[in-house]
Amino acid sequence: MLSLRENISQTAVPSLKAHPKRSSLHHSATAPPPHPEPTAIAKLILKTDNSETITRNLHTLTNWTPHLVHTVLKRLWNHGPKALQFFNILDTHPFYAHSATGFDHAIDIAARLRDYKTVWALVARMRSRKLGPSPKTFAIIAERYVSSGKADKAVKVFLSMHEHGCSQNLNSFNAFLDVLCKSKRAEMAYKLFNIFRGRFRADTVSYNIIANGFCLKKQTPRALEVLKEMVERGLVPTLTTYNIMLKGYFRAGQIEEAWGFFLQMKRRKVGIDVVTYTTVVHGLGVVGEVEKARKVFDEMIGAGVLPSVATFNALIQVLCKKDNVENAIIVFEEMLRKGYTPNVTTYNVVIRGLCHAGNMDRAIEYMDKMKDDNCKPIVQTYNVVIRYYCDDGEIEKALAMFERMTGGSCLPNLDTYNILISVMFVRKRSDDLLVAGKLLIEMVDRGFLPRKFTFNQVLNGLLLTGNQGFAKEILSLQSRCGRLPRHFRL
DNA sequence: GCCGGCCCAC
């Protein structure tokens, strides 16, 4: 069978050029429709500059589904402008109409680019097509506002939801509180909670979210107060409530309290589950209590609670960090023998462990092994390996891994660029500075905003090595990004 | 997964 690329670039495009409408109908009527392959589609979009060519190719494919769109968007996630281009082109497809979740993804991408004009245009388009916006849409927008430091804007968004044709209810209220809490705004969330808890009839979930918010800030006493208030108002804590507090104690470094709380939970009627055990295994391991963590792990099976992949991941990570990679790999093998399928996290943990132990080659072996379990290295996987190569001074290998990732349909993210750019200064070679400059341009192109520090580092390097011309180019890029120091003149 | 466990970096 032909690959999609061959299919669309050699067969479909030329014939479409000759008879646009007819040939696409003709195509779907006689030949079986091409099997759209998300990787090939993403690659085509990435390497094609001409937007009309992309349009022709995308419109030629007739069997678009929301799932396929979602997969392609995920692949283009770290190239926001291209992802939006893809979404917009498909939006003009003669037969395909975007789904509500498709719009949500596009809105998420635009918001991440801080392109709020596009965000609200998409919201309006969504509404005019009667696809929403839904509470989920607003949770996405609020989350992006909060994470770019505009918490007040996020609050306004929530309060104005109904003006966009989306009713506020307990679910959207809880989702919104969660957004604030997850970005460490527990105090703000709690204020809003107190204002609106009557109107939305706040439930156990609302309280759990707030308590978790304080736990994330290591304020376990505040979390407890909130829960006490919950009980006084007649709501009953759930197992999730207890698991949140348990995790909170570990996070705050209150290990004694955590352990005591765990023992109490075992005695209570609410019982404990696999999440409880995973929390304890991880929490104990992180503070170096490896033996105790192992004991808890062994104990759970006896208690009739089966470990999940996450439980194994917790133990493996703990062994990597506080014991020895070899012991971690023994557990990894044991997990396989028991019939569990490792996930990306399992691999990432093992790979990090091997890198940390200086065993880069074996780390790469595990990267190759991932496909046996139907998973692929993700950007975090590559970042780990690239980072350790950089730390070892193996810059060529780091760059080779960068090539491998871009060739293998995995787009670099902000971390990848930061790691690579900063390592381009250690060898003091002028060639490396050119690479740094190139990477800087590429990352901006893909919608990432470099720090001021990064711009200055690259600029200084280029100026010192006599690359005035290139430096000027970077400088104008920096001004377009709004990252120039105050009072700076071009 | 409407809230809770496992990847996180300098």
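Residue numbers start from 1 in every chain, and the chains themselves are labelled A, B, ... in the order their sequence lines are given, proteins ahead of strands.
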### Message
Classify A/Thr238 by what it touches in the nucleic acid, base, sugar-phosphate, or nothing, heavy-atom distance under 4.0 Å.
### Response
nothing
### Query
Are A/Gln317 and B/dC7 close enough that a side-chain N or O sits under 4.0 Å from OP1 or OP2?
yes
### Query
What is the nucleic acid contact for A/Lys136, judged by heavy atoms within less than 4.0 Å: base, sugar-phosphate only, or nothing?
nothing
### Message
Classify A/Val309 by what it touches in the nucleic acid, base, sugar-phosphate, or nothing, heavy-atom distance under 4.0 Å.
### Response
nothing
### Task
List for me each residue that meets side chain to side chain donor-acceptor pair (under 3.5 Å) alongside A/Ser172, sequence neighbours excluded, and say none if there are none.
A/Asn169
### Task
Could you please name the option among B/dC10, B/dC2, B/dG5 that lies closest to any side-chain atom of A/Arg387?
B/dC10
### Task
Could you list by number each residue of residues 191-230 of chain A showing a heavy-atom separation from DNA chain B of less than 4.0 Å, or answer none if no residue does?
A/Val205, A/Asn208, A/Ile209, A/Asn212
Side chains of residues 279-291 of chain A: which donor-acceptor pairs under 3.5 Å do they make with residues two or more places apart or in other chains?
residue: A/Thr279; atom: OG1; partner: A/Val275; partner atom: O; Å: 2.7
residue: A/His282; atom: NE2; partner: A/Gln317; partner atom: NE2; Å: 3.3

### Message
So if I take every side-chain heavy atom of A/Thr278 and compare against B/dC3, B/dG5, B/dA9, which nucleotide ends up nearest?
### Response
B/dG5
### Task
Using atom CE of A/Met424 as one end and atom C1' of B/dC10 as the other, report the distance to the nearest whole Å.
17 Å
### Query
For the pair made of CD in A/Gln168 and P in B/dC2, what is the distance, rounded to whole Å?
21 Å
### Task
Quick one: label A/Thr241 by what it contacts on the DNA or RNA (base, sugar-phosphate, nothing), any heavy atom closer than 4.0 Å.
nothing
### Message
Just N and O in the side chain of A/His282: are any of them under 4.0 Å from OP1 or OP2 of B/dG5?
### Response
no
### Query
Base, sugar-phosphate alone, or nothing: which one does A/Asn383 contact when heavy atoms must sit under 4.0 Å apart?
nothing
#### Entry: Length of the CG-P vector between A/Leu319 and B/dC7, whole Å
13 Å
### Rounded distance in Å - CZ (A/Phe173) to P (B/dC2)
18 Å
### Message
Taking 4.0 Å as the cut-off, does a side-chain nitrogen or oxygen of A/Lys182 come that near to OP1 or OP2 on B/dC2?
### Response
no
### Task
Report the residues that fulfil side chain to side chain donor-acceptor pair (under 3.5 Å) with A/Lys191, sequence neighbours left out, ordered by chain and then residue number.
none
#### Entry: Minimal non-hydrogen separation, A/Cys181 against A/Leu216, with atom names
O-CD1, 3.7 Å
### Query
B/dC6 C1' sits how many Å from A/Asn348 CG, rounded?
11 Å
### Summary
Rounded to whole Å, the CG-P distance (A/Leu420 to B/dC10) equals 15 Å
### Message
Quick check: any donor-acceptor pair below 3.5 Å linking the side-chain of A/Thr276 to the base of B/dG5?
### Response
no
### Task
Let me know the distance between CD1 of A/Ile244 and C1' of B/dC3, rounded to the nearest Å.
5 Å
### Query
Looking at the rings of A/Phe262 and A/Tyr249, which for Trp means the six-membered one, are their centres under 6.0 Å apart?
no
### Message
Using a 4.0 Å heavy-atom cut-off, does A/Leu239 contact any base of the nucleic acid, only the sugar-phosphate backbone, or nothing at all?
### Response
base
### Task
Report the nucleotide, chosen from B/dG5, B/dC2, B/dC3, that has the shortest atom-to-atom distance to any side-chain atom of A/Asn174.
B/dC2
### Query
According to the interplanar angle, ranging from 0 to 90°, do the rings of A/Phe332 and A/Tyr366 count as parallel (below 30°), tilted (30 to 60°) or perpendicular (above 60°)?
perpendicular
### Query
Which part of the nucleic acid does A/Asn171 contact within heavy-atom distance under 4.0 Å: base, sugar-phosphate only, or nothing?
base
#### Entry: Pairing residues for A/Thr204 by the side-chain contact (heavy atoms from CB on, under 4.5 Å) criterion, not counting sequence neighbours
A/Asn208, A/Met230, A/Leu235, A/Thr238, A/Thr241
### Task
Take the protein atom CG of A/Asp391 and the nucleotide atom C1' of B/dA9, then report the distance between them rounded to whole Å.
10 Å
### Task
Mind jotting down which residue pairs meet the ring pair (Phe, Tyr, Trp, His ring centres under 6.0 Å) criterion with at least one end in residues 201-221 of chain A? Sequence neighbours excluded, please.
A/Tyr190-A/Phe214, A/Phe193-A/Tyr207
